[in-house]
Amino acid sequence: MKIATFNINGIKARHQALCDWLDESDVDVVLLQEIKSVNENFPSELFEDRGYNVAVHGQKGFNGVAILSKLPLEDVSRGLPGDESDEQSRWIEATVTGERAIRVCGLYLPNGNPAPGPKYDYKLAWMERLRRRAEELLAAEEPALMAGDYNVIPQPEDAAKPEKWETDALFLPQTREAFRKVVNLGFTEALRARTRSPGVYTFWDYQAGAWNRNDGIRIDHVLLTPQAADLLRDVEVVSELRGREKPSDHVPVVVDLEA
DNA sequence: ATGGTGGCAAGGCCA
């Protein structure tokens, strides 16, 4: 089973590019972030026509996550637990069953800039809620993954120019520590597990020719429970999409699970 | 130090 995470930066502007990729790839499940759309305006038919089931957790203008799946989506849950007052749409999860049942969680972790400030406080609080949900997933001792735009550069080697990010919310020591706290509960970070991955990025800013100079960062991650890590066959970053017409500033990360 | 780009949606906000 191939499961992808992809921050598409606006479904309205990107549905054609997304469909082009779906038509030429063989992904079974796609976790989308930054759809920037309310549920009613999400073009579900485009994906249903291609054999995908669709679950959306949208929001007007910003954020928004969704799941596309060729397998039925069961037990869909929207919103990260732990704060009833949080109105931002950044989390969606569901169970997909091929040879094995996998719990897939799609997430769009807050950017957090400028730091310090209320947005950074929100990011850290969100990461603490993520940690608590992560503990529950591990306790279930079943195949599960949390994939998405984490807005975290885990290590200096995950940025072409780490010095540029020193005071940025994506790379501050507190951010990296909070991410480590989640991973070290017992997850396998899929790409890091497969390669040392220096020079492998998933985001290039639209500005200043970042793509042409390969001035990227690796901030889209797939975290696997031990039971899912046992099923890991392959990991791929589809960086080629970043060079196409009207690209997202992120590219997909695809894991292939024996499931 | 500033500005550099892009999406949503219709004026800024967010990244």
Side-chain angles (χ1 to χ4, degrees), chain A residues 5-21 30-44 46-47 56-66 79-80 86-91 106-127 130 147-154 158-172 174-176 178-179 201-221 239-253:
Chain A
T5 173
F6 191 6
N7 179 323
I8 47 160
N9 190 22
I11 191 64
K12 188 178 167 188
R14 214 74 61 205
H15 59 78
Q16 190 55 57
L18 176 57
C19 285
D20 289 348
W21 180 59
V30 186
L31 303 166
L32 296 172
Q33 301 91 39
E34 281 208 89
I35 63 171
K36 298 187 177 181
S37 162
V38 292
N39 292 358
E40 308 84 83
N41 292 343
F42 190 83
S44 298
L46 287 176
F47 310 114
V56 186
H57 183 37
Q59 180 183 336
K60 184 179 165 68
F62 312 108
N63 309 321
V65 288
L80 181 62
D86 185 2
E87 294 184 346
Q88 300 191 32
S89 298
R90 297 179 173 276
W91 178 272
L107 66 100
Y108 176 47
L109 203 148
N111 176 293
N113 282 304
K119 290 190 177 175
Y120 193 57
D121 294 342
Y122 174 67
K123 177 174 194 155
L124 293 177
W126 204 94
M127 294 182 84
L130 172 64
D149 177 359
Y150 278 76
N151 270 314
V152 174
I153 304 167
D158 298 314
K161 299 176 180 174
E163 66 281 0
K164 219 172 75 171
W165 300 90
E166 266 167 20
T167 61
D168 194 285
L170 278 60
F171 192 54
L172 284 173
Q174 249 188 304
T175 305
R176 296 162 59 193
F179 181 72
Y201 310 125
T202 64
F203 169 93
W204 297 260
D205 201 293
Y206 288 121
Q207 302 179 70
W211 165 249
N212 290 325
R213 297 185 289 114
N214 195 26
D215 181 8
I217 51 178
R218 194 173 71 90
I219 56 175
D220 299 86
H221 309 298
S239 46
E240 177 253 326
L241 294 195
R242 187 62 179 81
R244 295 191 182 181
E245 287 298 306
K246 268 180 74 79
S248 171
D249 40 8
H250 295 250
V251 296
V253 180

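In what follows, chains carry the letters A, B, and so on, assigned in the order in which the sequence lines appear, proteins first and then strands, with residues in each chain numbered from 1.
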Item to complete: Fit a plane to each ring of A:Phe6 and A:Trp21, take the angle between them on a 0 to 90° scale, and name the class: parallel (under 30°), tilted (30 to 60°) or perpendicular (over 60°).
Response: perpendicular
Worksheet item: What class does the angle between the rings of A:Phe47 and A:Phe42 fall in, given that below 30° is parallel, 30 to 60° is tilted and above 60° is perpendicular?
Response: tilted
Worksheet entry | A:His250 and its side-chain hydrogen bond (donor to acceptor under 3.5 Å, both in side chains) partner, picked from A:Thr5, A:Asn9, A:Asp220, A:Thr202 | A:Asp220
Fill in: Base-contact (B) and sugar-phosphate-only (S) positions in nucleotides 8-15 of chain B, heavy-atom cut-off under 4.0 Å, - elsewhere
SSS--BSS
Worksheet item: Among all residues two or more places apart in sequence or in another chain, which pass the ring-ring contact (aromatic ring centres under 6.0 Å, His included) test with A:Trp165?
Response: none
Item to complete: Can you sort out the partners of A:Trp91 under side chain to side chain donor-acceptor pair (under 3.5 Å), two or more places apart, ordered by chain and number?
Response: A:Glu93
[atom1] spacing across the pair [N] / [M], given as an integer number of angstrom:
{"N": "B:dC14", "M": "B:dA9", "atom1": "P", "answer": "15 Å"}
{"N": "B:dA15", "M": "B:dG3", "atom1": "C1'", "answer": "16 Å"}
{"N": "B:dG6", "M": "B:dA10", "atom1": "C1'", "answer": "16 Å"}

